[in-house]
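See below for the structure under consideration.
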Amino acid sequence: MRLTVIGCGYVGLVTGACLAAAGHEVFCTDIDKKRIDLLNSGKVPIYEEHLDEVLKRATAQKKISFTDDAGEAIRAGEVIFICVGTPPKETGEADLSAIDHVARQIAREARTPKLVIEKSTVPALTGVQLQKALAAYSRGGAVKFAVASNPEFLREGTAVEDFFHPDRIVVGVESEKGAAVMREIYEPILDRKFHCPVHGGNCPKDPNAELLITTISSAELIKHASNSFLALKISYANVISDLCERIGGDVEEVTRAMGLDPRIGTQFLKAGLGFGGFCFPKDIQAFIHLAGTIGVEFDMLKAAERVNKQRIDRFFEKIHKALWVVKGKKIAVLGLAFKANTDDIRFAPALEVVRKLQEEGAEVHASDPQAIGRTREIFPHVCYHEDPYKALEGADAALICTEWKIFRTLDWEKGGRSMARRLVLDGRNLYDPKKMQQMGFEYHSFGRA
Ligand SMILES: NC(=O)c1ccc[n+]([C@@H]2O[C@H](COP(=O)([O-])OP(=O)(O)OC[C@H]3O[C@@H](n4cnc5c(N)ncnc54)[C@H](O)[C@@H]3O)[C@@H](O)[C@H]2O)c1
């Protein structure tokens with residue numbers, strides 16, 4: 001099938017590349033011409049494991065192309081995936097101006113009927129507005145549009161694997177015809193008819209994903225409800241962590257035991273600096289806002305959001321207690337990305353940590369395997385080091401902000417030798433407190449004695 005992807009960010013690129021690898025012909029476009037030029041020169045503008053390989057293969061097979069001419073891309077596909085950003089406004093409401101812009105563009109440029117799919121995360125009832133905008137801006141109704149919702153559940157860092165091996169594919173449609181088109185698009189994924197770069201032909205034998213056909217409103221709600229629930233889980237673990245600190249428990253022991261109950265599950269029960277990224281913080285806000293506008297109080301989400309915001313303050317309480325004065329101190333910040341295996345720093349807790357450290361007059365030395373380039377644009381006065389051991393040289397304290405494997409497996413004997421003071425404040429609970437103490441470190445983490 002011929003598919004158009006509008007918006008070549010994390011979601012658009014992974015969607016486009018994986019659907020091309022699954023045999024479809026994909027036409028990608030983005031408002032950012034530099035991004036399109038980069039893609040046309042064979043470079044990938046984001047860091048995501050395996051994406052490079054999938055794109056190279058699809059390009060060699062002439063299954064994927066990139067253009068900054070939106071009209072050309074819109075006319076080329078029978079089906080259009082909208083993958084543009086939906087950032088939060090000051091009020092927490094989702095800013096849907098990019099979706100609106102794209103809707104008007106599609107209506108103006110299309111010459112044949114299209115199925116227009118919301119892949120971006122949008123609040124419930126966006127589908128209704130999208131349908132209205134497409135009809136209102138089309139040339140006197142000459143071209144017919146249908147709308148579908150197909151929320152994306154991929155996680156940055158494992159996005160290619162998630163797309164090829166999803167837990168579920170949710171499709172909100174308004175007609176049987178729409179459902180049939182969506183089934184055809186995802187058939188190669190469901191039947192595993194693609195070259196999997198992750199497992200190289202040895203994909204796990206677990207049952208194939210289920211394709212769930214729902215109404216458009218349900219599909220939109222499923223995405224916000226899922227992300228908000230996961231965010232809630234993280235904040236819950238963080239409150240348990242605060243309790244542990246006061247009572248003398250160990251949050252790692254508590255959450256592990258809780259998670260072994262299959263009704264609870266171990267994932268997203270990690271205490272620490274809290275959640276960041278381009279999904280949870282904005283999605284929880286948008287869900288609270290949506291509920292508020294229709295008279296439904298979602299106090300538990302408000303509490304989860306408040307708990308998350310307080311994590312940075314909790315971290316700084318620990319920093320002040322251990323370090324006393326921050327001004328004039330050399331601080332190593334290990335980890336800038338909002339989580340491991342991505343270069344994405346949007347709403348990353350580490351950025352808030354760096355901002356506060358600078359405000360308090362610290363000399364910040366930061367290291368991250370992928371996110372230095374993006375962070376430098378925001379904080380040009382931080383000293384950046386590819387090598388984490390260089391960041392530790394002469395440091396009065398090391399702050400762990402992202403759970404990268406390279407930090408988890410750091411040789412602290414070596415790192416500690418060059419530090420001015422053996423002080424580690426771990427925002428991700430990566431290390432065994434006893435071992436750190438045995439190595440002569442003053443070590444503080446979340447929810448552990
Ligand atoms: N990043 C994730 O892990 C993830 C996962 C699931 C869902 N989502 C959702 O998917 C959407 C996209 O997220 P992302 O992380 O890929 O964002 P992104 O910022 O990486 O990508 C968005 C892209 O859209 C382009 N764009 C913006 N306006 C445009 C326009 N009018 N026409 C053409 N292109 C335009 C931007 O230039 C950018 O390249 C969001 O709604 C997000 O909530 C993201």
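The first residue of the sequence shown is numbered 1, and numbering continues consecutively from there. Remember, it's 1-based here, ligands and their atoms both numbered in the order they're listed.
Under a 4.0 Å N-O distance rule, the pair Asp37/Lys34 does not qualify as a salt bridge.
Across every non-hydrogen atom of Val26 and Gly16, the tightest pair is CG2-O, 3.6 Å.
Close contacts of ligand 1 with Lys223, meaning ligand atoms under 4.0 Å from a residue heavy atom, involve 6 (C). With ligand atoms numbered from 1 in the order given, ligand 1 contributes 31 (N) to contacts under 4.0 Å with heavy atoms of His101. If you number the atoms of ligand 1 from 1 as listed, the ones under 4.0 Å from a heavy atom of Cys83 come out as 12 (C), 22 (C).
Of all the listed residues (Ala98, Pro88, Gly12), Ala98 holds the heavy atom that lies closest to atom 28 (N) of ligand 1.
Atom 19 (O) of ligand 1 has as its closest protein heavy atom Arg346 NH1, 2.9 Å. Of the protein's non-hydrogen atoms, Thr121 OG1, 3.4 Å is the one closest to atom 9 (C) of ligand 1. Remark: minimum distance from atom 22 (C) of ligand 1 to any protein heavy atom is reached at Gly85 N, 3.7 Å.
Of the heavy atoms in Val122, none comes closer than 4.0 Å to ligand 1. Contact annotation for Ala70 and ligand 1: no heavy atom of the residue comes within less than 4.0 Å of the ligand. Contacts of Ile6 with ligand 1, taken as heavy-atom pairs under 4.0 Å, involve the side chain alone.
Assignment of Arg155 to the shell around ligand 1 is not supported, since no heavy atom sits closer than 4.0 Å.
Environment of CZ in Phe153: crowded, with over 12 heavy atoms of neighbouring residues, nucleotides or ligands closer than 6.0 Å.
Looking only at atom types and distance, the side chain of Ser97 has a donor-acceptor partner in the side chain of Asp95 under 3.5 Å away.
A side chain to side chain contact (heavy atoms under 4.5 Å, CB included) with Leu334 holds for exactly one of Leu399, Leu410, Ile406, Val424; it is Leu410.
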